[in-house]
Amino acid sequence: MIPLLTRLIKGKMAPRKPVSATASLKDLQSIRTALLQCMDDCDSVQAQRLRHKIVQTKTAQELWMLRNDAYQLISQQTSQAVAAERINNLMSAFEGWLEPRQLVRIK
């Protein structure tokens, strides 16, 4: 019992492992392109605003946060199922640039 508690405490108090690397400009462009492509068929003022935000974003973390906006736009144009599938397909573009616990699929 004591060894188990010791492991739990050490695990909780240990410093978090940082994200493996900072995305380069080339990596960010790849993520941006994937995010923009998933909303190719969205035509509205909101979609144009979101595209502008995506282009202006400077980190993978900020791009990840914009996926909810993309989900909303796509679901309005098509369906929630299509939106969830497209957004979930983006996860591979973000792997290695965010902490694994942040990479959560939309159900």
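Counting from 1, the numbers follow the sequence of the chain as shown.
For Asp27, the side chain to side chain donor-acceptor pair (under 3.5 Å) partners two or more places apart in sequence, or in a different chain, are Ser24. Tyr71 meets the ring pair (Phe, Tyr, Trp, His ring centres under 6.0 Å) test with no other residue; sequence neighbours excluded. Taking Gln48 as the reference, nothing meets the side chain to side chain donor-acceptor pair (under 3.5 Å) condition, with sequence neighbours excluded. With sequence neighbours excluded, the residues that form a side-chain contact (heavy atoms from CB on, under 4.5 Å) with Ala47 are Met39, Cys42, Ser44, Arg51, Leu73. With sequence neighbours excluded, the residues forming a salt bridge (Lys or Arg N to Asp or Glu O under 4.0 Å) with Asp41 are Arg86, listed by chain and number.
Applying the side-chain hydrogen bond (donor to acceptor under 3.5 Å, both in side chains) test to pairs two or more places apart or on separate chains, none has a residue in residues 74-84. Counting only residues at least two apart or on different chains, no salt bridge (charged side-chain N to carboxylate O under 4.0 Å, His left out) pair has a member in residues 66-82. Residue pairs meeting the side-chain hydrogen bond (donor to acceptor under 3.5 Å, both in side chains) criterion with at least one partner in residues 52-63, sequence neighbours excluded, are Gln61-Gln102. Sorted by first then second residue, the salt bridge (charged side-chain N to carboxylate O under 4.0 Å, His left out) pairs that include residues 71-84, not counting sequence neighbours, number zero.
The heavy-atom pair separating Ala60 from Leu28 by the smallest distance is N-CD2, 3.4 Å. The two atoms that bring Leu90 and Cys38 nearest to each other are CD1-SG, 4.0 Å, heavy atoms only.
Asn88 contributes no side-chain N or O that, together with a main-chain N or O of Arg105, makes up a donor-acceptor pair within less than 3.5 Å.
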Q.
Between Ile31 and Trp64, does the side chain to side chain contact (heavy atoms under 4.5 Å, CB included) criterion hold? Intermediate values first, please.
A. CA-CA 9 Å; Ile31 297 169; Trp64 180 252; over 6 Å; no
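Separation of atoms CG (Leu66) and CG (Leu35) is listed at 6.5 Å; rounding is to 0.5 Å.
Taking the side chain as every heavy atom from C-beta outward, Leu63 and Phe94 approach each other to under 4.5 Å.
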